[in-house]
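Dumping the structure here so I can ask a few things about it.
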Amino acid sequence: QVQLVESGGGLVQAGGSLRLSCAAAGLGDTTYGMGWFRQAPGKERESVSAISWSGVNTYYRDSVKGRFTISRDNAKKTLYLQMNSLKPEDTAVYYCAAVRTDYDFPIGASYEYDYWGQGTQVTVSS
C-alpha cells in the first residue's frame with residue numbers, strides 16, 4: 001500500500017520560510033515522478049512544483065519561481081519543498097503526489113498522479 005505523509009507546515013509571517021517534507025512508502029523500487037499541489041479555501045487545487053524521478057528536471061508555477069525549491073532524496077524516499085519569501089497568497093493546504101513513470105520529466109497535471117498525501121496546512125500572515 002502506497003502512503004505519502006507530508007510534514008513541515010505551520011504558521012509563518014510574510015517573508016518567512018518553511019520546508020515541507022513528504023515521506024513515501026510502498027512505491028517499491030520503481031521510478032516515480034512527484035509533485036506539490038496546493039488548495040486554498042474556495043479555490044481549485046493548483047500545481048505548485050514537480051520533479052522528475054531522477055531529480056534533474058523540475059517545474060514551478062510562475063508565482064513561486066525564485067522563491068520555492070523542490071528536491072528529492074531517492075535513498076530516503078522523501079520529497080521536499082523549500083519555501084522562502086512566503087506571501088499571504090501562499091496560504092493553502094499543500095499536498096504531495098506521486099506517479100509511477102519512466103518519463104524523466106516533471107509532471108504538472110494533477111490528473112496524472114495516482115497517489116496523494118493527506119495534506120499539510122501552510123498559513124502566511126501579513
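Since we're looking at a predicted model, the values are computed, not measured. Basis for what follows: all heavy atoms, side chains included, without hydrogens, waters or symmetry-related copies.
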Side-chain donor or acceptor of Lys65 paired with backbone N/O of Tyr59 under 3.5 Å: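 A pair under 3.5 Å: no.
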
Closest non-hydrogen atom pair, Ala40 against Ala92: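 Residues Ala40 and Ala92, closest heavy atoms: N-CB, 3.8 Å.
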
Whether Asn74 side chain and Trp53 backbone form a donor-acceptor pair below 3.5 Å: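 At least one qualifying donor-acceptor pair exists.
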
Hydrophobic cluster identity match, Leu4 and Ile107, side-chain contacts under 4.5 Å: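 Leu4 and Ile107: separate clusters.
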
Steps toward side chain to side chain contact (heavy atoms under 4.5 Å, CB included) verdict (Arg38, Glu46): CA-CA 6 Å; Arg38 67 186 180 189; Glu46 62 184 19; 2.7 Å; yes

Criterion side chain to side chain contact (heavy atoms under 4.5 Å, CB included) on Val122 and Leu20, from CA distance to verdict: CA-CA 9 Å; Val122 171; Leu20 304 185; 4.0 Å; yes

Those residues that, when tested against Gln118, pass side chain to side chain donor-acceptor pair (under 3.5 Å) (two or more places apart):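 Here the qualifying residues are Glu6.
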
Aromatic plane relationship, Phe68 with Tyr94 - under 30° parallel, 30 to 60° tilted, over 60° perpendicular: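 Geometry flag for Phe68 against Tyr94: tilted rings.
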
Candidate pair Leu86 and Leu18, rule side chain to side chain contact (heavy atoms under 4.5 Å, CB included), full reasoning: CA-CA 8 Å; Leu86 282 161; Leu18 284 173; 4.1 Å; yes

Pairs touching residues 7-29 that satisfy side-chain hydrogen bond (donor to acceptor under 3.5 Å, both in side chains), sequence neighbours left out: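 Every pair satisfying side-chain hydrogen bond (donor to acceptor under 3.5 Å, both in side chains) with a residue in residues 7-29: Ser17-Asn84.
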
Donor-acceptor contact present, side-chain Asp73 to main-chain Thr78, <3.5 Å: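 Not at all, since once roles are kept as given, no pair shorter than 3.5 Å links the two residues.
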
Plane angle bin for Phe37 and Trp116 - parallel if under 30°, tilted between 30 and 60°, otherwise perpendicular: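 Judged by the thresholds at 30° and 60°, the geometry between Trp116 and Phe37 is tilted.
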
Side chains of Ser71 and Gln82 in contact at under 4.5 Å (non-hydrogen atoms):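 No, side chains not in contact.
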
Backbone of Phe105 reached by a side-chain donor or acceptor of Ser52 within 3.5 Å: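 Checked: no pair found.
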
Sub-4.5 Å side-chain heavy-atom contact between Ile51 and Pro106: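 Answer no - side chains too far apart.
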
Thr31 side-chain N/O to Thr101 backbone N/O, donor-acceptor pair under 3.5 Å: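 Pair found, side chain donor or acceptor close to backbone of Thr101.
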
Quiz item: cation-pi between Arg61 and Trp36, 6.0 Å / 45°: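 Ring-cation test returns no.
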
Single-linkage hydrophobic cluster, 4.5 Å side-chain cutoff, Met34 and Val2 together: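 Same cluster: Met34 reaches Val2 through Ile, Leu, Val, Met, Phe, Trp or Tyr contacts under 4.5 Å.
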
Residues forming a salt bridge (charged side-chain N to carboxylate O under 4.0 Å, His left out) with Arg67, sequence neighbours excluded: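 Result, salt bridge (charged side-chain N to carboxylate O under 4.0 Å, His left out) vs Arg67: Asp90.
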
Distance-only donor-acceptor check, side chains Gln121 and Thr123, under 3.5 Å: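 Yes, side-chain donor-acceptor contact under 3.5 Å.
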
Nearest-0.5 Å distance that lies between atom CZ in Arg72 and atom SG in Cys22: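 Arg72 atom CZ to Cys22 atom SG measures 10.0 Å (nearest 0.5 Å).
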
ILVMFWY network linking Val99 to Tyr80, side-chain heavy atoms under 4.5 angstrom: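 Per the 4.5 Å side-chain linkage, Val99 and Tyr80 are not co-clustered.
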
Under 3.5 Å: donor-acceptor pair, side chain of Thr58, backbone of Gly55: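 Checking the backbone N and O of Gly55 against the side chain of Thr58, no donor-acceptor pair under 3.5 Å is found.
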
Donor-acceptor contact below 3.5 Å, side chain Ser85 vs main chain Gly15: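 Side chain of Ser85 to backbone of Gly15: no pair is present.
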
Backbone of Ile70 reached by a side-chain donor or acceptor of Tyr60 within 3.5 Å: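 Such a contact is found between Tyr60 side chain and Ile70 backbone.
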
Common cluster, Leu81/Tyr113, ILVMFWY with side-chain heavy-atom separation under 4.5 Å: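 Different clusters: Leu81 never reaches Tyr113 through Ile, Leu, Val, Met, Phe, Trp or Tyr contacts under 4.5 Å.
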
